[in-house]
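Have a look at the structure below, then the notes.
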Amino acid sequence: MIRDEIREKIHAALDELGLVESEIILEHPADSGHGDYATNIALILAKRGSKNPRELAERIAARLQDKRGENIRSITVAGPGFVNFHLTKSFFAKNVQEILSDIENFGKNSLLSGKKIMVEYTDPNPFKVFHIGHLMTNTIGESLARLFEFSGAEVKRANYQGDVGLHIAKAIAAKLRSRAIWITAADVGASYAQGEELFAKESDFVQEVNKKVYEKSDDAVNDAYAEGRAISLAAFEEMYKLLGTKFDFYFFESEVAEEGKNIVLEYLKKGVFEKSEGAVIFRGEPYGFHTRVFLTKEGLPPYEAKDLALAARKFAVYPYDKSFVITALEQNAYYAVVRQAMSFIYPELAHKTVQIGHGMMRVASGKMSSRKGNVVTGESLVHDALALAAEKIRDEQMNVDEKSAISKCVGIGALKFSILKQQIKSDIVYDEERSFSLEGDSGPYLQYAAVRANAVRARAEEAGLVRSFEKKDDIHAVERLLYQFPEIVERAAVEHEPHHIATYLIELAGSFNSFYAAEKIIGGGAAAPYRLALTEATFAVLKNGLHLLGIGVPGKM
RNA sequence: GCGCCUGUAGCUCAGUGGAUAGAGCGCUUCCCUGCGGAGGAAGAGGCCGCAGGUUCGAUUCCUGCCAGGCGUACCA
């Protein structure tokens, strides 16, 4: 990377000047007049040695002059003492060539090479609807998984689904009471909503069913269980397919419940847990957390106990170096306690486990309640997004299948982008009126720019225009962005923040659109062959970037 | 009460201790005889929640306060 090259040169210059080592920060100035890279190293060192920063910057810049090499055009001092680096035309042309020589790998890094990573995400619960929170977790988890892959890791995707627990007892209890017939996932979800009410009035009955589910002791309960589970899981599978996620491992609470209970009982004897008010608890207060129940007074294992067994089971099937668990922020405190307890049972696994919390998706029109009918389900949201995308297609000649495929790609793209364009920890306000944007900062905006670039490439081929890396024009903003892609990917992967990719792609697509509007590519005379190369490189980076967001590029739209 | 998170343009959000704080939506103007207008060019719109502190320099770091969200014992 050019960034590392510049950093090394600065290192060498500092050495020669006998200046103490300090972390060298290189940034891209907002104003390209200030160069392609700038460092504030003189300001920092001047502070430490109480020297004049501007003077120090001049000395460092002077030392750098003979180290410029072929990629750096000029090194100047500006402002309070910044050292600015301007890159050469040939650097940008070489970069375009590099992108096109290995399109699929452009943007990858080796930060995590050789590492085995498991990412658990989505985690919907059978018997409950797939709600917008699951959509959010899925979108974020998938993007993180891809970022880790781009960083060289071997990534396995895991989905942990709650097929036991009180929520199921609620749904089954309600079905038994109302003799509801279950055909679709919505039917099962409706029973769950009724079960919530039932639980408020007759919690004993629901608890009894809960015990039966756990013990598998009642035929009617067993039948309803099998039925509901199958319907829910099949519906979830449809959703994963639509969203473009393929899980390598499915874990179920039913598989880890017994084991979780045993672990807690074993470590109760060893003093990790203690008895309190009939339950088995872990006291988190000494570690700055709170106390949580690991076995209920009925002796049933709640989520806490199951998560302990889950960590071990995950490691048994895939000996990971890092295990990520993607959940909503509201589970941060919960997970902190589980991880603390885990550190006494499986210290090395606790060390390898990282929980990442994300914000919630809220509906602008009021608070959602799983009991009321005003829940926006994942399915309805996806459906709306697809319909919106379909409306926009104006091509009359397009057949139904093509139209459907495109609206899926674009609709899902709009949905995912609206989730990934901001920091994962902040909440998203979903406005049903305005729905998802298909214009401006949006997934379709990126897809459109990519489709357009690709259309130019196809046109050029017809016209017999052959690309070349001989640059005639001045340096364009597009080029100033293209070479930065690997740096952005690295940052997004390290910080676990896909929105860096999203922000970058918006900028890239914007500058390409400006370029496209201002310059003729085909028919651009002597400049045409390089402009074509630049267009192809832009398409490649947009495509790779969108891939990292879990968004596809349609053939046309 | 305590803990975690958040407060930037009318709205939704970017912003790595630095140079004139940026986008999109909405609003006001332009640009389809040119490779795809889901586009482009421009304009208006800011006590960066408030008050201190650290620093040559703070939207960014620290402290306090205000406002909102989430969590805080048998749900997940």
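Values below: all heavy atoms of this structure, side chains included; hydrogens, waters and symmetry mates excluded. First the proteins, then the strands, lettered A, B, ... as listed; each starts at 1. The structure presented is a predicted model; accordingly, all values stated were derived computationally and were not measured.
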Could you tell me whether A:R283 contacts a base, only the sugar-phosphate backbone, or nothing, with contacts defined as non-hydrogen atoms closer than 4.0 Å? base
Can you find a donor-acceptor N/O pair under 3.5 angstrom joining the side chain of A:N84 to the base of B:rA19? yes
How is A:E277 classified with respect to the nucleic acid when contacts are heavy atoms under 4.0 Å: base, sugar-phosphate, or nothing? base
When rounded to the nearest Å, what value does the distance between P atoms of B:rC62 and B:rG37 take? 48 Å
Just checking A:G165: base, sugar-phosphate only, or nothing, at a heavy-atom cut-off of under 4.0 Å? sugar-phosphate
Which way is the base of B:rC27 turned, syn or anti, if we draw the line at 90° from 0? anti
What nucleic acid atoms does A:Y445 come within less than 4.0 Å of, heavy atoms only: base, sugar-phosphate, or nothing? sugar-phosphate
Would you say CD of A:E461 has more than 12 non-hydrogen atoms from neighbouring residues, nucleotides or ligands within 6.0 angstrom? no
Categorize A:L300 for me: base, sugar-phosphate, or nothing, with a 4.0 angstrom heavy-atom threshold over every strand shown. nothing
Near-parallel close stack of A:Y516 and B:rG39 base (under 5.5 Å, under 30°): no
Would you classify A:R452 as touching base, sugar-phosphate or nothing, given that sugar-phosphate means primed atoms plus P, OP1 and OP2, and contacts are heavy atoms under 4.0 Å? sugar-phosphate
Rounded to whole angstrom, note down the C1' distance from B:rU16 over to B:rG69. 27 Å
Under a 3.5 Å cut-off for both distances, is B:rC13 Watson-Crick or wobble paired, and to whom? B:rG22
Without swapping roles, check the side chain of A:Q484 against the backbone of A:R480 for a donor-acceptor pair under 3.5 Å. yes
Determine the contact category for A:E519: base if any of its heavy atoms lies under 4.0 Å from a base atom, sugar-phosphate if only primed atoms, P, OP1 or OP2 are that close, otherwise nothing. base
Using a 4.0 Å heavy-atom cut-off across all strands, classify A:Y334 as base, sugar-phosphate, or nothing. base
Note: for A:K425 and A:I522 on RNA chain B, the residue whose nearest nucleotide lies more 5' is A:K425
I'd like to check, for A:H290, whether its ring lies over the base of B:rA73 with centroids under 5.5 Å apart and a plane angle smaller than 30°. no
Compute both the distance and the angle, then confirm whether A:K170 meets the cation-pi test with A:Y192: under 6.0 Å from the six-membered ring centre, within 45 degrees of the axis. no
For A:Q331, report the nucleic acid contact type (base, sugar-phosphate, nothing); a contact means any heavy atom under 4.0 Å. base
What is the nucleic acid contact for A:N40, judged by heavy atoms within less than 4.0 Å: base, sugar-phosphate only, or nothing? base
Base, sugar-phosphate, or nothing for A:V410, non-hydrogen atoms under 4.0 angstrom? base
Under 4.0 Å, counting only non-hydrogen atoms across every strand here, what does A:I25 touch: a base, just sugar-phosphate, or nothing? nothing
Is there a donor N/O on one and an acceptor N/O on the other, under 3.5 Å, for the side chain of A:S276 and the base of B:rA73? yes
